[in-house]
Amino acid sequence: MTNRENFLSLLRRTGYERVPVEFVLCPHQQEVCRRELGAEDYEAYFGMPWRRVEDLRLKDHNVDQYRKYFTDEPLKEGAEIDVWGVGHEKYPTSMHMTRMRYPLKNMETLEEMQAYPFPDYGKADGSHQAEQVQRIKDQDLIALGDMQMTIWECAWYMRSMEQLFCDMMTEDEKAEFLLDKVTEQSLIRALAYAKAGVDVLFLGDDIGTQRAIMMSEVLYGTWLKPRLKRIIDEVKKVNPDILIFYHSCGLIEPLIPQLIEAGIDVLNPIQCECMDFEEIYKKYGSQVSFHGTIGTQTVMPHGTPEEVKQAVWENLDTAGEKGGLFVAPTHMVEPEVPLENILAYVEACRTYRKA
């Protein structure tokens, strides 16, 4: 099998020949790999199976226009503003986490929210996408459209989680407007990726905490599932063969049936600190595939290289000969993970023999 054939067959649960390698390194770990391994491009160095296609490019979208929404507490010096107007203030003790500032938090009327200058992806430039997709496929790689933070997270980052939950629980029209607006923009982006020919579209919103789902099954099914399903349905009309990955950290087992009903194909990351992969696979492995399962809070930073290998091999054995598991660390590999454990994960994938 070629790389592309192997990857697609693995995720479609029709068998595979090789276990692909994949992880995301934090800036510190990227520097470690450059220094210790000479890996300037770690995705190429480790032979990862996919490459990302650039998102739509917004035109004439000046994020400085959002500063006026932080008058009650001006943004700190050095803060960044993203395309949705969310402020990100850096923590001195964190390498990449930020304190988020919510531009819509204090809005009291629908009219205020309607007047907000949301990014308009309908006027964005996507002329680069098809060419990038073809270039990736010509290298026998999988073309990936990555738009995690699809609906829920994008909305609450602007409104604040507490306020958006209050809006949803009281059936406030502002919640419906905001979630519809975000869904509309995400659908434009998703359809652009699909029309450009990507193999994989990576969606996602964190809907679980370390101990429980973030909201009730009823609340999720009322407010978020229909909007996610709309995006997936429209994308699959364009390309029925596209693989829909969906990311949520945390314990989300009670919501997995709704995610499957919404049309996802691959669930990421099955955080082992919260859920047991063998149990999840027995329940849902015939309906959906999985990506992740190797703990970045446990075995990756604190295990021995042999324990890392055993975790990889055990989970692959659980999935069996047909596949259905793209085994990988469950989140970004942080500074506390020894390089030896990263290399052990890679070796485990490359030396695995089906049980």
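If you read the sequence from its start, that first residue is 1, and numbering goes on from there. These numbers come from a predicted model, not from an experiment. The basis for the numbers below is simple: all heavy atoms, side chains too, and nothing from hydrogens, waters or symmetry mates.
In summary, the side chains of Tyr281 and Asn315 do not present any donor paired with an acceptor at a separation below 3.5 Å, with no hydrogens or angles considered. Using modelled atom types and a 3.5 Å distance limit, the side chains of Glu261 and Gln287 yield no donor-acceptor pair. A donor and an acceptor atom, one from each side chain of Asp125 and Ser127, are located under 3.5 Å apart. Gln148 and Glu153 are not linked by any side-chain donor-acceptor pair at a separation below 3.5 angstrom, with hydrogens and angles left out of the test. Using modelled atom types and a 3.5 Å distance limit, the side chains of Thr330 and Thr296 yield a donor-acceptor pair. Looking only at atom types and distance, the side chain of Thr298 has a donor-acceptor partner in the side chain of Glu273 under 3.5 Å away. With 3.5 Å as the limit, one finds a donor-acceptor pair spanning the side chains of Ser289 and Arg13. Residues His247 and Asp205 bring no donor and acceptor atom of their side chains to less than 3.5 Å of each other. Between the side chains of His291 and Glu22, a donor-acceptor pair is found at a separation under 3.5 Å.
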Exercise for review: Starting from the C-alpha separation in whole Å, work towards a yes-or-no answer on side-chain contact (heavy atoms from CB on, under 4.5 Å) for Asp82 and Val63.
Suggested key: CA-CA 7 Å; Asp82 66 26; Val63 297; over 6 Å; no
Review point. Yes or no on ring-ring contact (aromatic ring centres under 6.0 Å, His included) for Phe23 and Phe46, after CA distance, side-chain angles and deciding distance?
Key: CA-CA 10 Å; Phe23 46 80; Phe46 288 106; 5.2 Å; yes
Practice item. Take Trp223 and Leu179 through the side-chain contact (heavy atoms from CB on, under 4.5 Å) test and state the conclusion after the steps. Key: CA-CA 8 Å; Trp223 288 94; Leu179 289 168; 3.6 Å; yes
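When every heavy atom of Ala190 is checked against every heavy atom of Val235, the shortest pair comes out as CB-CG2, 3.6 Å. Among all heavy-atom pairs drawn from Asp265 and Ile242, the shortest one is OD2-O, 3.5 Å. Summarising the geometry of Phe177 relative to Leu110, their closest heavy-atom pair is CB-CD1, 3.6 Å, with the distance given to 0.1 Å. Contact record, Val266 with Phe290: CG1-C, 3.8 Å, taken as the closest heavy-atom pair. Taking every heavy atom of both residues into account, Val288 and Ile260 meet most closely at CG1-CD1, 4.1 Å. For Leu164 against Ala155, the heavy-atom pair with the smallest separation is CD2-CB, 3.7 Å.
Using modelled atom types, no side-chain atom of Arg99 and backbone atom of Glu89 make a donor-acceptor pair closer than 3.5 Å. In this structure, Tyr42 contributes its side chain and Cys33 its backbone to no donor-acceptor pair below 3.5 Å. A side-chain donor-acceptor contact under 3.5 Å links Lys236 to the backbone of Gly263. Between the side chain of Arg159 and the backbone N or O of Leu104, at least one donor-acceptor pair lies under 3.5 Å. Looking at Gln271, its side chain never comes within 3.5 Å of a backbone N or O of Cys249 through a donor-acceptor pair. Side chain of Tyr193 to main chain of Asp55: a donor-acceptor pair is present (N/O by atom type, distance under 3.5 Å, no hydrogens or angles). Formation of a donor-acceptor pair under 3.5 Å by the Glu17 side chain with backbone atoms of Asn6 is not found in this model.
Arg34 and Glu31 are joined by a salt bridge, as a carboxylate oxygen and a charged side-chain nitrogen come within less than 4.0 angstrom of each other. Between Arg52 and Glu43 a salt bridge is recorded (basic side-chain N to carboxylate O distance below 4.0 Å). With salt bridges taken as basic N to acidic carboxylate O contacts below 4.0 Å, one links Glu253 and Lys283. Asp138 has no carboxylate O lying under 4.0 Å from a charged side-chain N of Arg135, or vice versa, which leaves the two without a salt bridge. Ion pairing of Glu347 with Arg350 is absent here, as no side-chain N (NZ or NE/NH1/NH2) approaches a carboxylate O to less than 4.0 Å.
Pro20 has its side chain within reach of Leu10: a pair of non-hydrogen atoms, C-beta onward, lies under 4.5 Å apart. Side-chain contact check for Thr293 versus Leu325: some heavy-atom pair is nearer than 4.5 Å. You'll find the side chain of Arg227 reaches within 4.5 Å of the side chain of Asp180, heavy atoms only.
Within the 6.0 Å centre-distance limit, the rings of Tyr69 and Tyr116 are counted as a close aromatic pair. For Phe326 and Trp50, the gap between ring centers is short of 6.0 Å. Ring to ring, Phe165 and Trp152 are close: their centroids are under 6.0 angstrom apart.
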